[in-house]
Amino acid sequence: MLPKYNVTATLQCAGNRRTAMSITRKVKGVGWNVSAIGNAVWGGAKLADILELIGVPKLTSSTQSGGKHIEFVSIDKCEEENGGPYKASIPLSQATNPEADVLLAYEMNGEPLNRDHGYPLRVIVPGVIGARSVKWLDSINIIAEECQGFFMQKDYKMFPPSVDWGNISWNTRKPQMDFPVQSVICSLEDAQSIKPGKVRISGYAVSGGCRGIERVDVSIDGGKTWREATRFQKTGIPYIADGISNDKWAWVLFELTVDIPQSTEIIAKAVDSAANVQPEKVQDIWNLRGILNTSWHRVHVRIGHSNM
């Protein structure tokens, strides 16, 4: 019997914050705001252990027969595959690396997966866009080239702002895997009316590829000045990027309490452990599929005075 592992990991749709990107110029895709993301404790067997059972050693990048990728095929059928199954792949070197924590998960937060989350079995690929964590798993294949499915080859690729549906060439870009550094203010809504005085600003920050969050900066004057927010994952335990006690694949929560005397724009931006920082403007990273909007998160608040 294979050992069970619990891995705390954030799954984030590549289209998280697509709605804000669409405001700049219309994009194609579901109009997610800031909540196409979730964090959970996933329970299951490591894919590296399973592959070892069939003769693929750990830390293998190529099999003797030339296999270099692991393909996950779902029971779920989709229109984009002409009625065929949803599928995706990851490199064999990632699948066979125990430190990558790729799971075949059958539990979520200590309970059996429910149907919405992939019952009875799904893949969890930490640090990678959610499209690669295939739900309702039917089969696993060792293949020579990356998966040729629609969502690997004709979707979820990052193109520059100059590319539109008239000049796109899908084969010029690799499928998107790791997600970039991201942060979002969750405690305030855009154009919200608040009372003057102390205001708690809080939210989440996360980065792909096992990169921790080194810093979250918050501005309450539209980006003129910045203050560093407190970061944590568990209450009462200080978070230090790349610390040994951290959940290395999980989001980091941040918090800052400040005095806000007047209507203003509040901004959050995060820096990860590789010193990657969120881009300032969404216009600079606009792309026709509206993926990976990691621009500074901006919330406008106005001061409203009570009649009491």
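Since we're looking at a predicted model, the values are computed, not measured.
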Looking only at non-hydrogen atoms, find the nearest pair between Leu113 and His117 and report the distance.
-> CD2-O, 3.8 Å
Do the side chains of Leu104 and Val123 get nearer than 4.5 Å, heavy atoms only?
-> yes
Distance (rounded to the nearest 0.5 Å) between Ile260 CD1 and Arg200 CZ | 13.0 Å
Charged N-O contact under 4.0 Å between Lys269 and Asp217 = yes
Glu145, CD: over 12 other non-hydrogen atoms inside 6.0 angstrom = no
Neighbour count >12 (heavy atoms, 6.0 Å) for atom CD1, Ile240 = no
Interatomic distance, CG@Asn6 vs OG1@Thr8, rounded to 0.5 Å, equals 7.5 Å
Joint hydrophobic cluster, Ile129 plus Ile70, side-chain heavy atoms closer than 4.5 Å | yes
Same cluster for Ile90 and Leu51 if Ile/Leu/Val/Met/Phe/Trp/Tyr side chains link at under 4.5 Å?
-> yes
Does CD in Glu189 sit with more than 12 non-hydrogen atoms of other residues, nucleotides or ligands closer than 6.0 Å?
-> no
Lys248 bridged to Glu99 by N-O distance under 4.0 Å = yes
Residues Glu265, Arg298: salt bridge by 4.0 Å N-O rule = yes
Going through the checks in order, is the side-chain hydrogen bond (donor to acceptor under 3.5 Å, both in side chains) test met by Asp138 and Ser74?
-> CA-CA 5 Å; Asp138 180 61; Ser74 175; over 6 Å; no
Supply the atom-to-atom distance Asn97 CG to Lys58 NZ, rounded to the nearest 0.5 angstrom.
-> 10.5 Å
Under 3.5 Å: donor-acceptor pair, side chain of Thr60, backbone of Val56 | no
Charged N-O contact under 4.0 Å between Lys46 and Asp101 | yes
With rounding to the nearest 0.5 Å, note down the distance linking CH2 in Trp249 to OG in Ser207.
-> 10.5 Å
Could you tell me which non-hydrogen atom of Ala229 sits nearest to which non-hydrogen atom of Val218, and how far apart they are?
-> CB-CG2, 4.2 Å
Within-4.5 Å side-chain heavy-atom neighbours: Lys198 and Val258 = no
Quick one: sort the Trp165 and Trp170 rings into parallel, tilted or perpendicular, breaks at 30° and 60°.
-> tilted
Trp32 atom CH2, over 12 foreign heavy atoms within 6.0 Å | no
Less than 4.5 Å apart, any side-chain heavy atom of Lys68 and any of Ser61?
-> no
Kindly indicate whether a cation-pi arrangement holds for Arg122 with Trp42, taking the cut-offs as under 6.0 Å to the six-membered ring centre and within 45° of the axis.
-> yes
Heavy-atom side-chain contact between Leu59 and Pro98 under 4.5 Å = yes
Reported CD1-to-CH2 distance for the pair Ile291 and Trp286, which is rounded to 0.5 angstrom = 11.5 Å
Between Pro160 and Arg173, which heavy-atom pair has the shortest distance, and what is it?
-> CD-NH2, 3.5 Å
Between the side chains of Arg17 and Gln182, does any donor sit under 3.5 Å from an acceptor?
-> yes
Check the pair Glu146, Glu71 against side chain to side chain contact (heavy atoms under 4.5 Å, CB included), reporting the backbone distance first and the verdict last.
-> CA-CA 8 Å; Glu146 67 191 13; Glu71 180 182 62; over 6 Å; no
Would you give the length of the straight line joining atom CZ of Phe254 to atom CD1 of Ile213, rounded to the nearest 0.5 angstrom?
-> 10.0 Å
Hey, is OH on Tyr119 packed in by over 12 heavy atoms from elsewhere, all under 6.0 Å?
-> no
Which heavy atom of Asp272 sits nearest a heavy atom of Glu214, and at what distance?
-> O-CB, 3.6 Å
Under a 4.5 Å cut-off applied to non-hydrogen side-chain atoms, are Val27 and Leu288 in contact?
-> no
Shared ILVMFWY cluster between Met158 and Ile168, side chains joined below 4.5 angstrom?
-> no
Axial cation check for Tyr156 ring with Arg289, 6.0 Å and 45° limits | yes
Which heavy atom of Pro261 sits nearest a heavy atom of Asp259, and at what distance?
-> CD-O, 3.5 Å
I would like to know whether Asp155 and Lys157 meet salt bridge (charged side-chain N to carboxylate O under 4.0 Å, His left out); could you show each step before the answer?
-> CA-CA 6 Å; Asp155 203 350; Lys157 294 185 177 184; over 6 Å; no
Are any of the side-chain heavy atoms of Gln94 and Val102 separated by less than 4.5 Å?
-> yes
Trp136 (side chain) donor-acceptor with Arg115 (main chain) under 3.5 angstrom | yes
Check whether the side chains of Asn171 and Ser169 place a donor and an acceptor atom closer than 3.5 Å, and report yes or no.
-> yes
Do you know which two heavy atoms are closest between Ala20 and Asn293, and how far apart they sit?
-> CB-ND2, 3.6 Å
Just checking, is any N or O donor in the side chain of Gln278 or Ser295 under 3.5 Å from an acceptor N or O on the other one?
-> no
Could you walk me through whether Lys4 and Glu107 pass salt bridge (charged side-chain N to carboxylate O under 4.0 Å, His left out), step by step?
-> CA-CA 10 Å; Lys4 174 191 170 185; Glu107 285 185 1; 2.5 Å; yes
Answer yes if the ring centres of Tyr86 and Phe151 are under 6.0 angstrom apart, and no otherwise.
-> yes
Hey, are the side chains of Ile54 and Ile142 touching, using non-hydrogen atoms and a 4.5 Å cut-off?
-> yes
Any side-chain heavy-atom pair of Ile140 and Leu47 under 4.5 Å | yes
